[in-house]
2 protein chains.
Amino acid sequence: MGEGVEWALHSCVNLAWAGPDRAVSAARLAAWHDLPTAYLNKQLQALARAGIVTSAPGPRGGFRLARPLADISLMDVVAAVEGPEEAFRCAEIRQQGPGGGPAASYAAECAVAQAMGRAELAWRRELAAQSLDDVRQQAERQAPDAPRQLRDWLASR
Amino acid sequence: MGEGVEWALHSCVNLAWAGPDRAVSAARLAAWHDLPTAYLNKQLQALARAGIVTSAPGPRGGFRLARPLADISLMDVVAAVEGPEEAFRCAEIRQQGPGGGPAASYAAECAVAQAMGRAELAWRRELAAQSLDDVRQQAERQAPDAPRQLRDWLASR
DNA sequence: GAGGCAATACTCGGATATGGGATGTCCGAGTACTTTGGG
DNA sequence: CCCAAAGTACTCGGACATCCCATATCCGAGTATTGCCTC
């Protein structure tokens with residue numbers, strides 16, 4: 001799993017802490033955690049294409065959340081950054097070689113793919129069940145000053 | 001996720017179909033599904049290191065299951081082939097940059113990592129709950145002749 | 001004919017290349033602010 | 001003093017390099033079989 005997912009999740013929470021009235025540029029978000037600016041911008045563009053954040057060019061421009069954190073699930077972010085394709089992709093090797101004659105009917109999904117799919121479904125369900133607001137609340141419980149620190153730092157630049 | 005997982009899972013079921021008395025070489029297993037022999041051998045070696053299969057060199061050598069299919073979970077195979085490390089690895093970016101002063105205590109796990117870890121735990125639980133014997137039964141339900149076809153093909157070579 | 005021995009063929013196991021995608025970087029198009037000149 | 005217009009600085013967005021790991025391959029060490037030679 002790419003590390004862009006971690007960056008995107010943290011950035012979304014940071015955007016929520018920055019507030020809905022203030023747009024934050026990719027450069028600011030990257031500097032906050034010492035990340036490569038242009039590459040984080042790439043991930044943010046993916047979030048923008050998915051409708052999770054909105055973007056604005058020019059001075060006072062940047063990114064801001066397109067909707068409340070409570071309406072954004074972890075699944076939304078992961079799908080936006082990593083792509084919609086499943087992690088386990090069945091290549092239907094059962095149909096190849098001597099084992100897979102044309103006589104057999106492959107209407108049913110491969111048993112291996114079924115089993116792996118069940119596991120991946122459980123993963124996706126758990127991701128979809130958790131909103132970014134849950135993450136934000138937990139983070140604030142651990143570091144209550146984090147939101148203000150970020151806002152102060154943004155205001156001082 | 002690497003495609004070696006799919007190959008390993010199918011190969012384990014094939015080994016069960018071949019029977020416990022007969023060792024099957026990596027070349028035979030690969031030819032059965034038109035896979036690159038040497039690379040499949042690599043995955044089988046990983047299974048051997050994990051104690052899922054046993055290996056024997058020389059003529060009449062090859063691989064065979066180290067224990068019944070019912071005692072092998074999907075999780076065992078995935079961990080053996082893909083490695084034990086988690087798919088989502090937290091880089092602790094919250095500690096980097098201006099956002100992460102030394103004043104903050106990082107005893108608690110990052111909220112993002114916690115949330116992603118819950119999802120990955122659900123995935124692992126589902127994988128651990130399914131045994132390879134379940135997969136075999138489902139596969140035989142779809143293609144009852146598959147075991148005999150494989151045994152006949154192995155005997156004819 | 002029986003037994004031992006050498007030759008052989010086959011296997012795993014690890015060391016060695018290669019290609020594609022994730023990672024990282026750079027520049028152009030566009031926008032809002034600022035400044036400056038004129039009315 | 002007010003307004004307009006040009007200049008400027010800042011932003012996103014996509015095109016362009018680079019690096020690492022999954023993929024793929026090859027060769028050596030070891031073993032059971034097989035055939036042969038000797039007794």
Side-chain angles (χ1 to χ4, degrees), chain A residues 1-8 11 15 18 21-31 33-66 78 80-85 87-89 91 93 154 157, chain B residues 1-8 11 15 18 21-31 33-66 78 80-83 85 87-89 91 93 96 154 157:
Chain A
M1 164 152 298
E3 50 187 314
V5 173
E6 186 183 1
W7 301 358
S11 294
L15 283 178
D21 51 346
R22 184 198 315 263
V24 186
S25 72
R28 301 271 192 284
L29 285 172
H33 289 313
D34 249 333
L35 302 176
T37 300
Y39 192 35
L40 176 62
N41 188 26
K42 203 182 187 66
Q43 318 298 340
L44 292 171
Q45 284 178 32
L47 294 181
R49 276 191 294 271
I52 297 174
V53 301
T54 60
S55 65
R60 309 281 300 170
F63 296 91
R64 68 188 73 195
L65 291 174
V78 170
V81 174
E82 287 284 301
E85 65 220 12
F88 179 88
R89 44 197 186 286
I93 66 172
L154 285 175
R157 298 206 60 163
Chain B
M1 165 153 297
E3 50 188 313
V5 172
E6 185 183 3
W7 301 357
S11 294
L15 283 177
D21 52 344
R22 186 197 315 263
V24 186
S25 73
R28 302 272 193 283
L29 285 171
H33 287 313
D34 250 335
L35 303 176
T37 300
Y39 192 35
L40 176 63
N41 188 25
K42 203 182 187 65
Q43 318 298 342
L44 293 171
Q45 284 178 33
L47 294 182
R49 275 190 295 270
I52 296 175
V53 302
T54 61
S55 64
R60 309 282 299 168
F63 296 90
R64 69 188 71 196
L65 292 174
V78 171
V81 174
E82 287 283 301
E85 63 219 13
F88 179 88
R89 44 197 188 286
I93 65 173
Q96 302 172 357
L154 285 175
R157 299 207 60 165

Looking at B:Ile93 and A:Glu6, what are the two nearest heavy atoms and their distance? N-OE2, 3.8 Å
The residue, A:Leu44 or B:Glu82, whose nearest nucleotide of DNA chain D is more 5′ is A:Leu44
Boundaries of the DNA chain C segment in contact with chain B, non-hydrogen, under 4.0 Å: C:dA9 to C:dA15
Under 3.5 Å donor-acceptor pairs involving side-chain atoms of residues 44-55 of chain A, not counting sequence neighbours:
residue : atom : partner : partner atom : Å
A:Thr54 : OG1  : A:Arg64 : O            : 3.4

Once ring-ring contact (aromatic ring centres under 6.0 Å, His included) is applied, what residue pairs with a partner in residues 45-66 of chain A remain, sequence neighbours excluded? none
Please tell me which of A:Pro57 and A:Pro36 maps to the more 5' nucleotide of DNA chain C, matching each residue to the nucleotide holding its nearest heavy atom. A:Pro36
Could you say whether A:Gly4 or A:Arg60 is positioned toward the 5' end of DNA chain C, judged by the nucleotide with the nearest heavy atom to each? A:Gly4
So do A:Leu35 and A:Leu29 actually touch side chain to side chain, heavy atoms under 4.5 Å? no
With sequence neighbours left out, what residues match A:Tyr39 under ring-ring contact (aromatic ring centres under 6.0 Å, His included)? A:Trp7
Just to be sure I understand the rule, does [X] reach a base, reach only the sugar-phosphate, or reach nothing, if contact means heavy atoms closer than 4.0 Å?
| X | answer |
| --- | --- |
| A:Ala56 | sugar-phosphate |
| A:Ala26 | sugar-phosphate |
| A:Ala23 | nothing |

Rounded at 0.5 Å granularity, tell me how far CG in A:Leu40 sits from CZ in A:Arg28. 13.5 Å
Rounded to whole Å, how long is the line connecting atom CG of A:Leu47 with atom C1' of D:dG13? 14 Å
For A:Arg89 and D:dA22, what is the distance between atoms CZ and C1' respectively, to the nearest whole Å? 10 Å
Has A:Arg22 got more than 12 heavy atoms of other residues, nucleotides or ligands less than 6.0 Å from its CZ? yes
Are there over 12 heavy-atom neighbours, none belonging to A:Arg89, within less than 6.0 Å of that residue's CZ? no
In B/S/- notation (B base, S sugar-phosphate only, - none; protein heavy atoms under 4.0 Å), nucleotides 14-21 of chain D written 5' to 3' is BB------
With sequence neighbours left out, the residues meeting side chain to side chain contact (heavy atoms under 4.5 Å, CB included) with B:Ala38 are none
